[in-house]
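Since the model is a prediction, treat every value here as computed from it, not as a measurement.
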Amino acid sequence: MKLLLIEDELELLQEMQHYLEKENYLCETAHTFREADEKIHMYPYDIAIVDITLPGGSGLELIEMLKKAHPETGIIIVSAKNSLHDKLSGLETGADDYLTKPFHLSELNARVKSLLRRRKFQGAKTVCFNELEVKLEDNSVLVHGSKLVLTKKEYELLLYFIANKNRLLTRESIAEHLWGDNIDFVNNFDFIYTHINNLRKKIRQTGGVDYIRTVYGMGYKFTDQ
Amino acid sequence: MKLLTQINLQFLAFSVAVMLALGIGVFYAVTYVVNEETAEKLENSALLVQQQIEQGASYPSFPPFIEVSEITEQPQATVFADTSLRSISEEEMEDYRTLTLVRNIRNTTYKITIRESKLEAESLIQNIFLFVGLSLFGLVVCLSFLNFFINRSVWKPFYNNLRQIQDFSLQSLKPVALQASRITEFSVLNEAITALIGRVLADYQVLVNFTENAAHELQTPLSIMRVKLESLLNISTMTREQSEIVQSLFASVNRLAKLNSSLVLLTKVENQQFQGTEVIQIKHAFESKLLEFQELIDLKKLTVKCEFTTDFAFEMNSQLCDILLTNLFSNAINHNFAGGALNIKTDKNIFSMCNTIESPLVNPDKIFDRFYKENPASKSSGLGLAIVKKICDSHQIEIHQECVENTLCFALHFLL
């Protein structure tokens with residue numbers, strides 16, 4: 001999988017690159033409009049992550065060019081401006097997703113995975129992790145072939161975990177993933193604890209292995225190592 | 001009252017008053033002149049009669065117009081009077097102006113009475129009065145119309161510009177195109193308004209830019225901090241002490257990010273930067289938001305009671321509506337206790353939401369203030385309800401809170 005990361009903040013760009021390279025993606029970076037422009041025309045990419053505000057031009061223009069040169073490329077906008085107008089014009093230009101800064105890398109990773117699935121496999125596919133099988137078409141989960149009944153949030157949580165397996169997921173990022181960033185939870189993450197406990201219980205009851213590790217004070221890790 | 005109506009009415013009132021005054025004046029003047037004229041005529045006739053008597057001719061007698069009689073000695077006198085006599089031909093009473101003279105002519109005292117019918121004079125006065133009155137009336141009518149049309153054309157640019165100013169909106173960022181006028185006052189007004197609007201637009205732009213810059217410039221370093229800390233947290237070789245420090249940093253950065261985005265949101269609502277409205281079915285909006293929060297409600301084991309007796313449509317920005325409801329619900333759930341209650345109901349165009357709270361509010365009046373927290377130790381941003389209030393203020397929604405013991409209620413009055 002080949003990704004193009006377009007972001008003018010070098011520090012942020014590096015971190016994004018490191019995080020995504022660990023997922024075994026081939027990451028190319030560009031931190032100015034011109035550099036991005038060159039790379040877009042040189043190679044095809046599976047996914048491009050585009051910052052809207054760039055020195056030398058607008059990310060929206062890049063998206064237009066990308067759509068012309070390689071219409072099959074999936075596009076995720078990353079913007080510091082949390083404005084509906086930008087979001088709508090971005091999605092109208094042909095972007096597939098929109099992420100507002102500051103975002104969690106785990107969230108970006110989950111979005112990249114979800115977009116890849118939609119792009120590469122025409123949307124119909126299952127996500128597997130050992131004995132766990134998530135059927136994306138009908139949002140159902142199978143453990144050893146038997147059905148696991150989850151609530152909507154538990155289902156989203158499981159998918160998020162699988163997308164970010166072997167990584168620490170902070171409670172903040174889980175809260176934002178499940179509830180969006182408009183919500184103010186008074187830094188009270190009890191409800192996440194409850195969600196996770198319910199998920200664990202259900203997986204175990206259906207005969208699966210509980211892969212969720214609690215990382216004290218920080219969050220959770222979904223791992224079989 | 002419209003300016004033009006006011007001007008026209010005043011003009012009409014003054015014109016009528018002047019017309020009446022002139023009419024009355026003319027009436028008295030004409031009457032006076034006619035009476036003088038009659039008196040002169042009577043005196044002339046009397047002089048003629050007197051001369052005839054002096055010349056020794058037989059004195060004339062045409063009753064009731066001229067009557068001469070000899071009387072016993074009386075002092076000489078000249079008396080004007082009005083009398084009513086039966087007319088010669090008809091059986092009606094007729095008014096006469098009478099001049100009675102008592103004169104000593106050649107040692108005989110004569111009483112000479114000269115009368116003149118007032119009918120003629122009265123009809124003359126009437127005719128003159130009618131003519132003058134009609135002329136005045138016509139003049140007033142003509143002037144009123146003239147006044148009306150002149151005013152309308154003179155004030156036309158003013159009204160056009162007024163409409164322009166009324167239609168002015170900050171969001172469009174378009175300066176108003178005022179109609180030029182040759183009238184000094186209007187062009188001065190135009191200049192003043194254009195300058196004022198220019199200043200307002202410039203200030204607004206500065207504010208909008210600042211908000212956007214603040215959002216962008218602050219969110220970027222926050223992003224970097226957060227991402228770096230996340231990477232740091234993923235390094236598993238940290239000691240417990242080190243990881244605690246990083247965690248605390250991470251939590252603070254998250255709070256800062258949250259605070260920044262909330263403040264930016266508040267400013268954006270204040271500056272009315274959310275454009276475009278949709279017709280929102282209130283019942284549906286609340287029900288779907290309730291569904292969204294269902295799991296949190298279940299986790300806190302809250303008892304929810306819903307009474308949607310009415311449904312109504314309300315026009316507002318959909319993004320703001322979502323934020324409004326999210327903040328209301330998360331407030332009601334966050335500050336509730338496990339096993340508490342949440343009652344939601346609509347009644348006509350009032351939506352109310354009551355939730356139990358752990359202890360009665362200390363300062364219920366301050367609940368909508370920015371950064372006000374009932375519990376100072378709370379890590380909440382203290383902006384959630386400030387945002388709610390701001391959104392309500394910027395739409396036609398009145399919000400009231402009421403706290404009775406351990407129940408906090410919010411009533412949203414949607415002004416349809």
To check you understand the geometry: which heavy-atom pair defines the closest contact between V227(B) and F103(A), and what is its length?
CG2-O, 4.1 Å

When you look at CZ of F210(B), are more than 12 heavy atoms from neighbouring residues, nucleotides or ligands closer to it than 6.0 Å?
no

Just verifying a value: how many Å separate S261(B) OG and K101(A) NZ, rounded to the nearest 0.5 Å?
15.0 Å

Can you say whether H18(A) sits under 4.5 Å from chain B via the side chain, the backbone, both, or neither, judging by heavy atoms?
neither

Mark yes when over 12 heavy atoms from residues, nucleotides or ligands other than K366(B) sit less than 6.0 Å from its NZ; otherwise mark no.
no

Is it the case that the side chain of E15(A) and the backbone of I224(B) share a donor-acceptor pair, with hydrogens and angles ignored and the cut-off at 3.5 Å?
no

Do you know the tightest heavy-atom contact between P102(A) and L222(B)?
CB-C, 4.2 Å

Strictly below 4.0 Å, N to O, side chains only: are E107(A) and R226(B) in salt-bridge contact?
no

Most contact-rich option vs chain B, by heavy-atom pairs under 4.5 angstrom, among H195(A), R167(A), K152(A), is H195(A)

Residue pair Y216(A) / Q247(B): nearest heavy atoms and the distance that separates them
O-NE2, 3.5 Å

Is there any salt bridge (Lys or Arg N to Asp or Glu O under 4.0 Å) pair reaching into residues 243-254 of chain B, and which pairs are they, with sequence neighbours excluded?
R240(B)-E244(B)

For R213(A), is the CZ atom crowded, meaning more than 12 foreign heavy atoms sit under 6.0 Å from it?
yes

Please name all residues satisfying side-chain contact (heavy atoms from CB on, under 4.5 Å) with N198(A), sequence neighbours left out, ordered by chain then number.
E154(A), T194(A), K201(A), L299(B)

Would you tabulate the side-chain donor-acceptor contacts of residues 217-225 of chain A under 3.5 Å, counting partners in other chains and residues two or more places apart, or write 'none'?
unit_1	atom_1	unit_2	atom_2	d
T223(A)	OG1	N166(A)	OD1	2.7
T223(A)	OG1	Q225(A)	N	3.0
D224(A)	OD2	N130(A)	ND2	2.9

Side-chain H-bond candidate by donor/acceptor type, T220(B) with E9(A), under 3.5 Å
no

Report, in residue-number order, which members of residues 19-30 of chain A are under 4.5 Å from chain B by heavy-atom distance.
Y19(A)

Out of curiosity, K153(A) NZ to Q294(B) CD, how far, rounded to the nearest 0.5 Å?
11.5 Å

As a quick check of understanding, evaluate side chain to side chain contact (heavy atoms under 4.5 Å, CB included) for N254(B) and H104(A), giving each step before the final call.
CA-CA 10 Å; N254(B) 279 321; H104(A) 294 274; 4.0 Å; yes

